[in-house]
*Asks:* 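Take this structure, written in structure tokens, and hold onto it; I'll ask about it next.
Since we're looking at a predicted model, the values are computed, not measured.
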Amino acid sequence: MENLKKTPLYECHLNLNGEMVDFAGWNLPLQYKGIIQEHEKVRNDAGIFDVSHMGEITVKGQDAFNYLQYIVTNDISKLQNNDVIYTFMCNPHGGVVDDLLVYKFEEDYFMLVVNAGNIDKDFQWLVSNKEHFYVNICNVSAGIAQVAVQGPKAQDVLQKIAGFDLNELKFFKFKRDAYIGGNKCMISRTGYTGEDGFEIYSGNESIISIWKSTIEAGKEYGILPAGLGARDTLRFEANLPLYGNELSEDISPIEAGYGFFVKTNKEDFVGKDALLRQKKDGIKRKIVGFKMTGRGIPRKGYEVKKNNKNIGFVTTGYFSPTLKKSIGLAMIYTDYTDLNTEIDVMIRNKPIKAAVISRKFYTKNYREE
């Protein structure tokens with residue numbers, strides 16, 4: 001643990017008795033008061049997460065727009081200044097290099113927010129694919145910290161200390177030069193929990209003040225700091241993918257069930273031919289939801305079988321704090337993906353019954369107006 005990287009909020013986590021763990025090389029809190037309690041707080045009230053380990057990469061220059069259209073699968077021509085979009089970077093085979101958010105500052109200036117474990121890989125990928133594009137690509141992760149405030153009362157909490165009317169900030173929009181608790185920052189109405197909420201970016205020196213002032217403002221709304229454990233159960237219930245689970249360089253967005261974010265009608269982009277072929281010809285496997293009908297909790301990597309034949313593997317599995325039952329996501333052959341198909345999940349080398357269900361485990365509570 002001594003060699004792990006620390007966010008500016010590390011001491012805050014220790015003071016809150018956070019259970020610290022190694023996450024992608026970072027020393028971060030798994031939980032403070034308990035995963036289920038933190039999960040339920042975010043679903044019902046509000047929670048605050050330290051996500052300073054996420055990476056930020058800026059792309060500037062006269063070809064910034066054309067370059068990003070070539071690098072990502074979604075169509076960034078839809079973006080106005082101060083818009084955010086979710087997308088994938090794919091390799092030529094259609095596998096996912098990373099999933100990310102693209103923030104548009106200006107026509108020739110964007111910021112990419114990437115997964116912590118992929119920062120170096122992503123940066124190298126971006127640089128190695130810029131070739132004839134006139135762009136300047138910078139990894140600015142070291143100078144930017146981030147917290148996420150999520151939950152149905154997140155706006156009430158932040159409005160007490162925000163320097164502007166948060167009603168002005170619509171879904172997947174952001175505001176630069178904002179202030180939270182008197183601290184200059186950038187704030188977006190985005191998140192990774194299935195609830196309404198905000199992500200706040202600032203310099204390392206001011207994020208501690210933002211963290212503390214948000215917790216103080218949120219006391220009357222019951223806000224709790226939430227750790228990585230709740231972050232994962234929340235995103236899973238909301239059917240939001242996690243890189244390394246539902247997405248990888250060996251899993252395409254089509255197989256993962258996120259083809260909506262792949263715009264094959266735009267001009268050439270990395271991976272287009274492979275993804276277009278998958279959309280046109282179909283795929284042999286895909287990720288489905290399932291519920292355990294037998295007794296047991298599924299976990300990532302468990303084998304999935306049908307009539308003793310291996311048909312796939314679990315990508316994520318939990319006892320759902322909201323649904324109060326064991327559910328999961330699994331990558332399996334398409335022959336077995338019809339709803340209500342009975343499958344076996346291998347738990348401790350024993351086949352436990354499960355059934356394919358819709359992946360809409362939880363209805364997202366975004367404020368999209």
Side-chain angles (χ1 to χ4, degrees), residues 73 86 88 90-99 194 232-262 264 271-364:
T73 63
Y86 176 77
F88 303 107
C90 284
N91 60 37
H93 305 293
V96 179
V97 177
D98 204 1
D99 65 325
D232 200 33
T233 54
L234 288 159
R235 72 90 194 162
F236 163 63
E237 284 184 349
N239 192 26
L240 299 170
L242 177 65
Y243 195 87
N245 290 43
E246 284 73 43
L247 301 169
S248 76
E249 299 216 26
D250 296 319
I251 300 175
S252 80
I254 312 299
E255 293 174 315
Y258 300 100
F260 177 79
F261 301 105
V262 177
T264 51
K272 180 178 179 178
D273 289 345
L275 295 169
L276 189 61
R277 194 160 50 246
Q278 288 187 5
K279 280 192 170 184
K280 182 180 177 182
D281 299 341
I283 49 180
K284 295 180 179 178
R285 58 177 193 166
K286 69 176 185 179
I287 291 178
V288 298
F290 68 87
K291 64 177 180 181
M292 299 302 300
T293 54
R295 190 178 179 85
I297 299 176
R299 298 297 185 197
K300 176 187 174 183
Y302 284 5
E303 285 184 327
V304 178
K305 294 190 175 185
K306 177 72 175 179
N307 298 329
N308 207 34
K309 174 187 175 184
N310 191 333
I311 61 169
F313 57 92
V314 175
T315 57
T316 300
Y318 281 114
F319 179 81
S320 164
T322 302
L323 303 181
K324 309 298 184 191
K325 59 185 178 184
S326 294
I327 56 176
L329 294 168
M331 174 70 84
I332 62 176
Y333 294 125
T334 52
D335 288 346
Y336 307 98
T337 56
D338 288 343
L339 293 180
N340 301 314
T341 299
E342 189 174 79
I343 57 178
D344 294 322
V345 177
M346 300 301 292
I347 300 179
R348 298 185 186 87
N349 295 319
K350 293 182 179 178
I352 308 297
K353 294 297 181 188
V356 175
I357 61 172
S358 167
R359 291 170 52 171
K360 295 179 180 178
F361 303 133
Y362 177 79
T363 302
K364 298 181 182 71

*Asks:* Looking at residues at least two apart in the chain, or sitting in another chain, which of them share a side-chain contact (heavy atoms from CB on, under 4.5 Å) with Phe313?
*Replies:*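 Scan of Phe313 (side-chain contact (heavy atoms from CB on, under 4.5 Å), adjacent residues dropped) gives Arg285, Thr315, Met331.
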*Asks:* Determine the minimum heavy-atom distance between Ile327 and Ser320, stating which atoms define it.
*Replies:*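 Shortest heavy-atom separation between Ile327 and Ser320 comes out as CD1-CB, 3.7 Å.
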*Asks:* Got a salt bridge between Lys306 and Asp344, using NZ or NE/NH1/NH2 to carboxylate O under 4.0 Å?
*Replies:*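 Looking at Asp344 together with Lys306, the answer is no, because their closest N to O distance does not fall below 4.0 Å.
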*Asks:* Give a yes or no answer on whether the side chain of Asn307 reaches the backbone of Lys309 with a donor-acceptor pair at less than 3.5 Å.
*Replies:*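 Between the backbone of Lys309 and the side chain of Asn307 there is no qualifying donor-acceptor contact (under 3.5 Å).
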*Asks:* Using atom types as modelled and distance alone, determine if a side-chain donor or acceptor of Tyr243 lies under 3.5 Å from a backbone N or O of Val96.
*Replies:*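 Yes, the answer is positive, given that a donor and an acceptor are paired below the 3.5 Å cut-off.
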*Asks:* Are Phe361 and Phe236, when compared by the centres of their aromatic rings, separated by less than 6.0 Å?
*Replies:*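 Between Phe361 and Phe236, the centre distance is under 6.0 Å.
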*Asks:* Answer whether the closest heavy-atom distance between the side chains of Tyr333 and Asn310 falls below 4.5 Å.
*Replies:*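 Side-chain contact under 4.5 Å: no.
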*Asks:* Within the distance-only criterion (no hydrogens, no angle test), does the side chain of Lys353 pair as donor or acceptor with the backbone N or O of Arg295 below 3.5 angstrom?
*Replies:*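 Judged by distance alone, no pair lies under 3.5 Å.
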*Asks:* Does the pair Arg359/Glu237 count as a salt bridge with the N-to-O cut at 4.0 Å?
*Replies:*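 Not counted as a salt bridge, because no side-chain N and carboxylate O are separated by less than 4.0 Å.
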*Asks:* Using distance alone, with no hydrogens and no angle criterion, decide if Tyr86 and Asp99 have a side-chain donor and acceptor under 3.5 Å apart.
*Replies:*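 Checked: Tyr86/Asp99 side chains pair up, N/O donor to acceptor below 3.5 Å.
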*Asks:* For residues Arg277 and Thr264, is any side-chain donor paired with an opposing acceptor at under 3.5 Å?
*Replies:*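 No, because no side-chain N or O of Arg277 sits under 3.5 Å from a partner of the opposite role on Thr264.
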*Asks:* Here's a test for you: under side-chain hydrogen bond (donor to acceptor under 3.5 Å, both in side chains), which of Lys300, Arg299, Glu246 qualifies with Thr316?
*Replies:*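 Between Thr316 and the candidates, side-chain hydrogen bond (donor to acceptor under 3.5 Å, both in side chains) is satisfied uniquely by Glu246.
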*Asks:* State whether the number of non-hydrogen atoms from other residues, nucleotides or ligands found under 6.0 Å of Lys305 atom NZ is greater than 12.
*Replies:*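 Check passes, neighbour count above 12.
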